[in-house]
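Take a look at the structure below.
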There are 4 protein chains.
Amino acid sequence: MTIQESATTSEGRPQRADARRNHERLVEAARELFEEGTDTSMEAIAKRAGVGIGTLYRHFPKRIDVVEAVYRDDVEQVAIVAERVVVELEPWEAIDVFLHAFVNYALGKRRFLNELREAFEKNPELKSASRERLDGAVRLVLETAQRAGVVRTDLTSEEIYGLVGSMCMSALLTTEQCDRLIGLILDGLRVR
Amino acid sequence: MTIQESATTSEGRPQRADARRNHERLVEAARELFEEGTDTSMEAIAKRAGVGIGTLYRHFPKRIDVVEAVYRDDVEQVAIVAERVVVELEPWEAIDVFLHAFVNYALGKRRFLNELREAFEKNPELKSASRERLDGAVRLVLETAQRAGVVRTDLTSEEIYGLVGSMCMSALLTTEQCDRLIGLILDGLRVR
Amino acid sequence: MTIQESATTSEGRPQRADARRNHERLVEAARELFEEGTDTSMEAIAKRAGVGIGTLYRHFPKRIDVVEAVYRDDVEQVAIVAERVVVELEPWEAIDVFLHAFVNYALGKRRFLNELREAFEKNPELKSASRERLDGAVRLVLETAQRAGVVRTDLTSEEIYGLVGSMCMSALLTTEQCDRLIGLILDGLRVR
Amino acid sequence: MTIQESATTSEGRPQRADARRNHERLVEAARELFEEGTDTSMEAIAKRAGVGIGTLYRHFPKRIDVVEAVYRDDVEQVAIVAERVVVELEPWEAIDVFLHAFVNYALGKRRFLNELREAFEKNPELKSASRERLDGAVRLVLETAQRAGVVRTDLTSEEIYGLVGSMCMSALLTTEQCDRLIGLILDGLRVR
DNA sequence: TATGAATGAGTGTTCATTCAT
DNA sequence: TATGAATGAACACTCATTCAT
């Protein structure tokens, strides 16, 4: 499901098949553990990925590099969903499905926020790049719906993204409350 | 600004002046460090408060007790601001000032979220109690403005609270963006 | 049951009734906690005795002073039992009752051994004095029985005392095994 | 002197030469410190073994695991002595040498008792297994001597073991007294 | 190259002891 | 005098990171 599936990359990322395999496994393992929230040590990540701690460090020299890799992959996956719903579903259905997917997805990041903030501070490029990618995804879905006349036009993707995304991050709302609020937002968006 | 200023409390909180002083200092030190986000060890809190580590532990036997104390105090302060603006300012000004105060305030909690979530899990009473207090504060301001006819009546305090509060928690929004979004929300609330 | 019941002591021990009362309470509380074995902090002792930690330190400036006081009191109590059985019971019954009492008593000291050893090292007088007192007690019972012709005469009190006392201290024997072994020893002692 | 000298073990103990070396060093260091009795912190054990604290924890995740390892090794060594004297010495000499060795050995455990008791409570298997091993060792020596007709036959290994072993544990007996008492016991055992 | 053993600074927490009230 | 608040050294234990095999 990830996007970097080519065997070689310009920046010299893993060539050998097993190395690439390990890279993916590690990101996946880290994602799962970050979502579970507890005991996310480097050791635990390596173990869950089924490799030695040394191998983890070969791929990601610092802990924060793991955080960054997970987040880049996360963003990529959301963007891919956007691209998919736009071509596969009706405009309104697309935005409905996308927002709920986005919410469900984002909810898994709650425990990950402090690490993420740190990653942003150390590497501002990460923030701007993923920001753009996410904005693009939301805009893609939103503007398609707006062009089809099913969604209000006085809202920017950034505003939607800000409200929805941040809402999901709150420690104060339950999953159910988030879903209900999304319903409210969708109601507000719809042209009747 | 805190509310418990009487020399004795019914629940048996510290009576001795120096003990009360230390208690306040510790909460204050903890709040500052939680806002700064990094290096929030018990040692650091005690040091910033200017007391020995043992004193910190006498007041708060577990780390999570510090988190809880800071949060309770936080909630109290927000509620107090609500009560103050309602009597001191015009209805619309009150809601405007309150929401911006709330936002500025909540922004300081960003780094504090994971700890807070853990505290909620360990002590559900903390969540419900502070939830009620906050809801009450927001409702006080909102309903006053609604009765004065300056704010739409089709919104509940809970919705306001949910949107605003969670927005502030996002790692993805800058302080400036939050302030701008608050402006948008206020615009949406106003009866014109 | 303790022996120092006079209101004044040559060495300047507590004069005031409440102080003496506290002293006794503290020793009693400490004994109970040492037997239970866990969490025998100075704080816990003071609490169980119903006094403040400061009061504990007024009576016993160092932790080891509590250990010493408990042990002196222990020895005294055993000696008193010896003196009592000798006058109140038949010779054989006396030794039988005494040894079982001694065993039951000594079993409570198991968790106390390391502290005791330390006390001996810091204050050799404690060891020799209590040693003498205990030896005297055992000898009193033993020799009375020997003179009455119901117990073998080729054993010294020291040997009895060594075997029985140390047996009780073992981590390796259960209470039941200790009782059984005492039976064996009594069998061996008896003149038939 | 230890028994596990093969490079690999069935249960997955450390394979790497340096790891095995460290394991042994750590047990040895811990034994020495437990015998000395004071200041037996994990830090002190690691230091004495010449490794970092992390290495100690890699080998023994909890303090009690060190206690257990030391005790298992202790028991093993005593058993090995028994097996050796039985084949290398005359029956009476064997029992004489063995008991004195046992005593000297056990005396080193005095300061170790409370830790040991805790280990027994947490892991009853430890108690039963080592108990069996020790009983077997004593029985081996005793029965060999009994079959050779040099020792009384009306004593079980358990009784010997109970008396001798526990005697050594006493805080109240000096090393010399223990040796003397062993002499007495040997006298009592001998068939004349 | 992959592995996992080694490292040690850092963390939460305890507790004997001191001292202000 | 009795109280309990304050102190800080010490402890068991964790984990990111380095390095030998």
Please determine, for the side chain of Asn22(C), which listed nucleotide (dA6(F), dA2(F), dA5(E)) has the closest atom?
-> dA2(F)
Given dA6(F), dA5(E), dA2(E), the nucleotide with the shortest approach to the side chain of Ala19(D) | dA5(E)
Applying salt bridge (charged side-chain N to carboxylate O under 4.0 Å, His left out), name anything that partners Glu43(A), two or more places apart in sequence or on another chain.
-> none
Residue set satisfying salt bridge (charged side-chain N to carboxylate O under 4.0 Å, His left out) with Arg48(A), at least two apart, ordered chain then number -> Glu32(A), Glu36(A)
Roughly, in whole Å, what's the span from [atom1] in [X] to [atom2] in [N]?
{"X": "Arg58(B)", "N": "dC19(E)", "atom1": "CZ", "atom2": "P", "value": "16 Å"}
{"X": "Arg25(A)", "N": "dT3(E)", "atom1": "CZ", "atom2": "C1'", "value": "15 Å"}
{"X": "Leu56(C)", "N": "dT1(F)", "atom1": "CG", "atom2": "P", "value": "16 Å"}
{"X": "Glu118(B)", "N": "dG12(E)", "atom1": "CD", "atom2": "P", "value": "11 Å"}
{"X": "Ile45(A)", "N": "dG4(E)", "atom1": "CD1", "atom2": "P", "value": "17 Å"}
{"X": "Lys47(D)", "N": "dG8(E)", "atom1": "NZ", "atom2": "P", "value": "12 Å"}
{"X": "Leu26(B)", "N": "dA5(F)", "atom1": "CG", "atom2": "P", "value": "13 Å"}

Set of ring pair (Phe, Tyr, Trp, His ring centres under 6.0 Å) partners for Tyr57(C), sequence neighbours left out | none
Under-4.0 Å side-chain N/O to phosphate OP1/OP2 contact, His59(B) with dA6(F) = yes
Would you indicate, yes or no, if dA5(F) has its OP1 or OP2 atom less than 4.0 angstrom from a side-chain nitrogen or oxygen of Thr55(B)?
-> no
Nearest-0.5 Å distance, CG of residue Asp65(C) to CG of residue Leu26(C) = 12.5 Å
dist Arg63(A):CZ -> Ile45(A):CD1 (nearest 0.5 Å) comes out at 6.0 Å
Quick one: list whatever passes side-chain hydrogen bond (donor to acceptor under 3.5 Å, both in side chains) with Asn114(A), sequence neighbours left out.
-> Arg117(A)
Would you please indicate yes or no on a ring centroid separation below 6.0 angstrom for Phe120(C) and Tyr71(C)?
-> yes
Would you write out the dot-bracket form of DNA chain F, 5' to 3', with Watson-Crick and G-U pairs under 3.5 Å, [ ] for crossing pairs, | for pairs to other strands and . for unpaired bases?
-> .||||||||||||||||||||
Filtered N/O pairs between nucleotides 11-15 of chain F and protein, under 3.5 Å:
from, atom 1, to, atom 2, distance (Å)
dC11(F), OP1, Asp39(D), OD1, 3.3
dA12(F), OP1, Arg63(D), NE, 2.7
dA12(F), OP2, Met42(D), N, 2.8
dC13(F), OP2, Arg63(D), N, 2.9

Decide, yes or no, whether a salt bridge links Glu28(B) with Arg31(B) under the criterion of side-chain N to carboxylate O below 4.0 Å.
-> yes
Main-chain N/O of Val70(C) paired with Asp73(C) side-chain donor or acceptor, under 3.5 Å = no
